[in-house]
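Chain naming here is simple, since letters A, B, ... match the order of the sequence lines and numbering starts at 1 in each.
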Amino acid sequence: MSSVDLSTTLGNAWFPAPIFTASGCASSGRELSQFFELHSIGGVVTKSVMSKARHGRPTPRMAETPSGMLNSIGLQGPGIDAFLEKDIPFLLEKKARIIVSIAGETVEEYSTLARKLRGVSGISAIEVNISCPNVENRGLVFACDPEASRRVIDGVRRTIGGELPIIAKLSPDVTDLVHIAKGVVEAGADALALINTVLGMVINVETMRPQLANKTGGLSGPAIRPIAVRAIYQVHAALPKVPILGMGGVASGRDAFEMIIAGASGVSVGTASFGNPNAIPVIQNELRDLLAAKGFSSLREAIGYAHRIEVSDGE
Amino acid sequence: MSSVDLSTTLGNAWFPAPIFTASGCASSGRELSQFFELHSIGGVVTKSVMSKARHGRPTPRMAETPSGMLNSIGLQGPGIDAFLEKDIPFLLEKKARIIVSIAGETVEEYSTLARKLRGVSGISAIEVNISCPNVENRGLVFACDPEASRRVIDGVRRTIGGELPIIAKLSPDVTDLVHIAKGVVEAGADALALINTVLGMVINVETMRPQLANKTGGLSGPAIRPIAVRAIYQVHAALPKVPILGMGGVASGRDAFEMIIAGASGVSVGTASFGNPNAIPVIQNELRDLLAAKGFSSLREAIGYAHRIEVSDGE
Amino acid sequence: MSAINRNAQQIAAAVVSNKRVGQYHQLIVNIGDAANHCKPGNFVAINVGGDTSRMVLRRAFAISRVSANSISGGTMELIVAPYGQGSSWLCSQNEGAMLDVVVPLGTAFGIPTEPVQVLLVGGGYGSAPLFGLAEVLNARGCRVDMLLGASTASKIYAPMEGKRSVNSLRIYTEDGSMGQAGRVTDPIKALIDDMNIAVIYSCGPMAMLSAIDSLTRGTDVIHQCAVEESMACGIGICMTCVLPTMGSDGVISMLRSCIDGPVMDGETVLWDKVGKAL
Amino acid sequence: MSAINRNAQQIAAAVVSNKRVGQYHQLIVNIGDAANHCKPGNFVAINVGGDTSRMVLRRAFAISRVSANSISGGTMELIVAPYGQGSSWLCSQNEGAMLDVVVPLGTAFGIPTEPVQVLLVGGGYGSAPLFGLAEVLNARGCRVDMLLGASTASKIYAPMEGKRSVNSLRIYTEDGSMGQAGRVTDPIKALIDDMNIAVIYSCGPMAMLSAIDSLTRGTDVIHQCAVEESMACGIGICMTCVLPTMGSDGVISMLRSCIDGPVMDGETVLWDKVGKAL
Ligand SMILES: Cc1cc2nc3c(=O)[nH]c(=O)nc-3n(C[C@H](O)[C@H](O)[C@H](O)COP(=O)(O)OP(=O)(O)OC[C@H]3O[C@@H](n4cnc5c(N)ncnc54)[C@H](O)[C@@H]3O)c2cc1C
Ligand SMILES: Cc1cc2nc3c(=O)[nH]c(=O)nc-3n(C[C@H](O)[C@H](O)[C@H](O)COP(=O)(O)OP(=O)(O)OC[C@H]3O[C@@H](n4cnc5c(N)ncnc54)[C@H](O)[C@@H]3O)c2cc1C
Ligand SMILES: Cc1cc2nc3c(=O)[nH]c(=O)nc-3n(C[C@H](O)[C@H](O)[C@H](O)COP(=O)(O)O)c2cc1C
Ligand SMILES: Cc1cc2nc3c(=O)[nH]c(=O)nc-3n(C[C@H](O)[C@H](O)[C@H](O)COP(=O)(O)O)c2cc1C
Ligand code: FES
Ligand code: FES
């Protein structure tokens, strides 16, 4: 094992390693803990929790696509109270670092969720999933509306106080991602999670109808990696001091490295865990070896390294 | 060979078959005519031509990605005059139906191009590629700006007069595609081409720099097909009377069929021709067989068929 | 200690043999010691397409039988229908090919503690896990009757040696090309009425399972069915494979068919809500 | 009649043999009658990864030699370095595997009409097409000297039988593990000065070609080089493979190296503009 310092930070939260689960792709953590030790990775990003329990969408909820998949789960979950009661204690027992992902249908719901989390100990950060339809504005997804995005983050920031880092998770389905990113950072986000899934559709040619019960779904997996890398690179160029949790199609240490040199401080792995339950520890080990092979003694030196041309352009 | 009527229309232009080349993926047509007869397919969409000759971007101009590729050609081309002199006569000689794609850096350049095309006989339609940086507005891509998109189409419409159909080619990299689509249709577009490439980036882990000389590039190929199908489905639902030329990752008759039942009246094939010079005729034959197997006696019956649930919802 | 998929392992497993049987392929795969942990009803999740595959998700297959005492280590048998790109790839793998397998996964058929009378109902390749199950039930002293159905003869999977563990076997094909013409569910009502059946074990298309449920619901007959929903992960982390269920407490929930199934108590499934909003 | 790739065909071609040679694989592929149309310098474009591959683009390979009189029909020889996922896949294809090949593509080396003195310079697998070329030149009565270079011995491809057509062969390795230590370009200047070389034929990394150009530019020596740019299509339709060139009329253009190359007149290439904005 090569001796590279893999530790990283997102806002004031410190993590011994840079690879995380992706929200909604690790359930409560129990399921993956059969395959590897949850404390051996950066941390567990929990599935987005809402204030009430939800059944989510009808099936079919998935379709495989070339080098990717569509999903439309509809945020099935137990609600924040049951989540705090059952899932958090399990993760703490496993000594996992925890990033809690929250989702809401109104600005108020996000604040309510933040209030419930304020007193909970053992949480490293909050990821705010704003890729949810805003019921107060014709179902327009918060993350697609700069003003609504800001208001959500602002509400969470005010409620939670100054301690816990807020990671705003953005959607790539926008004309101007940097504009949205700047808005949420101004509103109080300490870090950004890039990217959520890309809106897509598959039509079943047997039934000649959309394959998913919900018609559209979120595209994830290696197919979207070039979109994610572009998003991370663009946002890091515009906001070099804001840490980024990168994700979207990472399936190997090479892919994680690509995101890190594009500007990510940490990397979440989602779809790859469906294809390989051991993907996360494998990726983390491959990344360590790759960093060593490239001559980096720490992960931090590598963050944003692909931008170095711009830096020397000024010389 | 099954007897399905494959003919289709885009605005008032009629085509005997529904599969077209995609702009920029068939060069002048000469190169593919070694592999199949150009008149056997729907038509040739020429590479976007500008008013002046251009060298395009430096190399590397491409990177392969999972089930896709990035390109950044930078609209290398001979300019409209040489194009009209050399390429159009060749295509006419081959009895190909011709859709001329135009691109500009200013609203005025598009109109100038339209003026040059006005008198040219043998052209079936004009595809207006508005995924170009607008030099008059900080390089903001026309297709990402509803107002600029409208102005381009409006200028072309006024110049060209009422005869030649205008196909506005839109970018998926926007928050509200339907809004942009409505705008260009109001401004005079007879049909829509969906979708242009998705902005992406690949970082070369050897050099630890962006792989493309231009850093970002356009993502194409099967990876983006779910995004394209979603775009076609959404726009067809909102504007059911506006014909759509669908494209993005079509590599088989099944894929073309998926786009047609999503709402496309014709389908362009780009990246698949790179992997297989005979892709277009193969896809067209597979589509014919699939339509027959599904019991359609004409392509037209299948257009938008996947939307039939909504229609019967009203009963 | 986590109870979910307690014995699951990811292993590199060699194909021992691949034989065509009607429209199916019988694959024998060497899974070593993992074979000792496989119970009838469990399934495996297999990577498809090799290193440069565009298929990012595993495919699930019921374990037909395991044999722990083979020379080369424990093996499992799969019955695979070459349907789409993933299963077709699997059916093209020959002796010696290495597969990336996660095994065993999911719930198993509940085995009665008493030697009761049971009925096994299989549709298409759904018969695969029933023969391994029949052996276990037979060893417990149960009377085991089996009904197999499919659209046509070549889709009936009923191996010679499997028949040893069943007391009777009746075959139904919709086109009448083998056994009786008709559906496998046709005789069930009469069998429930005439015989003293304690448990029906079923595996096959969802429509078949649902039809059996409508016959057993409200009766004393327990219906243990192995469901088949689209699964992205097979290990409980994606929430794509859910089925609407109602517990004995009346609570409705969307349960994951990969970890709370594939074997479920038919009575808990809200069959008419499958694919509908709750 | 279109002059571009006039003889190109897409064919299903069987692998006749696959042998490791140092760090390379020598693949013999049956291409039937197409072999008759292949000229030294032409290349082929091959689909990689099979039916469910995530690789959507073909890979280009120089044709090393063709043999039209083999029993099974015409064959071509390729020398493949297992570099990334596509070439590694190709190197793993065994006898009998079917490849989807487009052949022949691109320009060929120009052959002098007189029996002049020529120098062939190959870097790494760039030597592959030079042996087939040497045969042709030799048959024309040319004196053929060859220089091959690579970083290390296992990257030198110099088959026994190939040496028959060359008058002299010198090998250079950077680590000195075979032949002389140094670069293949080191002796060229002296050779041009001392001998009466009319044409240099080169194939190898772009840096090597450019270095040779700087030695021949302004001299009477013609430099025919086979370039290697990233190619998405190989048939002239994508514009990804361009090289900046200047024609004899002084006009600068970005020429496609797949159809206006891979063999180009070294003097027309603007080597210092490669990868730069024009
Ligand atoms: C618990 C379980 C047990 C199974 N046991 C068997 C078995 O013993 N033998 C067998 O041949 N097949 C079995 N299947 C179905 C098998 O997993 C594949 O889904 C099927 O072979 C089709 O995959 P494909 O790659 O060929 O098709 P594709 O069309 O390429 O599949 C695309 C996606 O859709 C999913 N999908 C497609 N059809 C089905 C289906 N009928 N059920 C669930 N998901 C589907 C696939 O899993 C995949 O994710 C089982 C499925 C489950 C969930
Ligand atoms: C005209 C021509 C002749 C060639 N002849 C040979 C030959 O005889 N033997 C041989 O081993 N290789 C040859 N190559 C290189 C070969 O085409 C592959 O690019 C190389 O094998 C790497 O592909 P990969 O799939 O293994 O790597 P990947 O990294 O998976 O390739 C990804 C993409 O990058 C492109 N690429 C990567 N490396 C190169 C390179 N060095 N040059 C051009 N494109 C590249 C690939 O074509 C592909 O599109 C030739 C290339 C060209 C253009
Ligand atoms: C099945 C599934 C469920 C998801 N659920 C959530 C969720 O609840 N909250 C969220 O913020 N993102 C969710 N995502 C998005 C992922 O966290 C991640 O942003 C995306 O999948 C891209 O990463 P990947 O390609 O590694 O999967 C989900 C993705 C998938 C595939
Ligand atoms: C190499 C390349 C060049 C392209 N050039 C153009 C162009 O000049 N004008 C244009 O409108 N679209 C251009 N496109 C976009 C295609 O026309 C098409 O919209 C896109 O590639 C999606 O289709 P595909 O996945 O079938 O390639 C280009 C695409 C590629 C891959
Ligand atoms: S298949 Fe992923 S949770 Fe069941
Ligand atoms: S590789 Fe496509 S034009 Fe040369």
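Between chain B and the options D/L278, D/D100, D/V274, D/I259, the largest number of non-hydrogen pairs under 4.5 Å is found for D/L278. Between chain D and the residues B/G68, B/P60, B/S28, the largest count of heavy-atom pairs under 4.5 Å involves B/G68. Looking only at heavy-atom pairs under 4.5 Å with chain B, the residue among D/S53, D/G234, D/C238 that has the most is D/C238. Your options are B/P277, B/S72, B/G74, B/G221, and the one with the most heavy-atom pairs under 4.5 Å with chain D is B/P277.
Summarising the geometry of D/M239 relative to B/S27, their closest heavy-atom pair is SD-OG, 4.2 Å, with the distance given to 0.1 Å. Taking all atoms of both residues into account, the shortest heavy-atom contact from B/M62 to D/A232 is SD-N, 3.4 Å.
Of the two parts of D/L243, neither the backbone nor the side chain holds a non-hydrogen atom closer than 4.5 Å to a non-hydrogen atom of chain B.
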Residue pair D/R58, B/E64: steps toward the salt bridge (charged side-chain N to carboxylate O under 4.0 Å, His left out) verdict: CA-CA 10 Å; D/R58 282 174 192 260; B/E64 199 182 41; over 6 Å; no

Set out, in order, the CA-CA distance, both residues' side-chain angles and the distance that settles side-chain contact (heavy atoms from CB on, under 4.5 Å) for D/M254 and B/R61, then state yes or no. CA-CA 12 Å; D/M254 285 287 215; B/R61 291 178 169 187; 4.0 Å; yes

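Between D/V242 and B/H55 the shortest side-chain heavy-atom distance does not fall below 4.5 Å. Taking 4.5 Å as the limit, every side-chain heavy atom of B/Q34 sits out of range of all side-chain heavy atoms of D/I4. Between D/I237 and B/F274 the shortest side-chain heavy-atom distance falls below 4.5 Å. At least one side-chain heavy atom of D/V56 sits less than 4.5 Å from a side-chain heavy atom of B/P222. Side chains of D/N47 and B/N276 form no contact here, defined as non-hydrogen atoms less than 4.5 Å apart.
The NZ atom of D/K273 sits 13.0 Å away from the OG1 atom of B/T59 when rounded to the nearest 0.5 Å.
Counting heavy atoms of neighbouring residues, nucleotides and ligands inside a 6.0 Å radius, atom CG of D/N36 exceeds 12 of them. Within 6.0 Å of the CZ atom in B/R57, the count of heavy atoms belonging to other residues, nucleotides or ligands exceeds 12.
Using modelled atom types and a 3.5 Å distance limit, the side chains of D/N5 and B/E31 yield no donor-acceptor pair.
The backbone N or O of B/S67 sits nowhere less than 3.5 Å from a side-chain atom of D/R54 that would complete a donor-acceptor pair.
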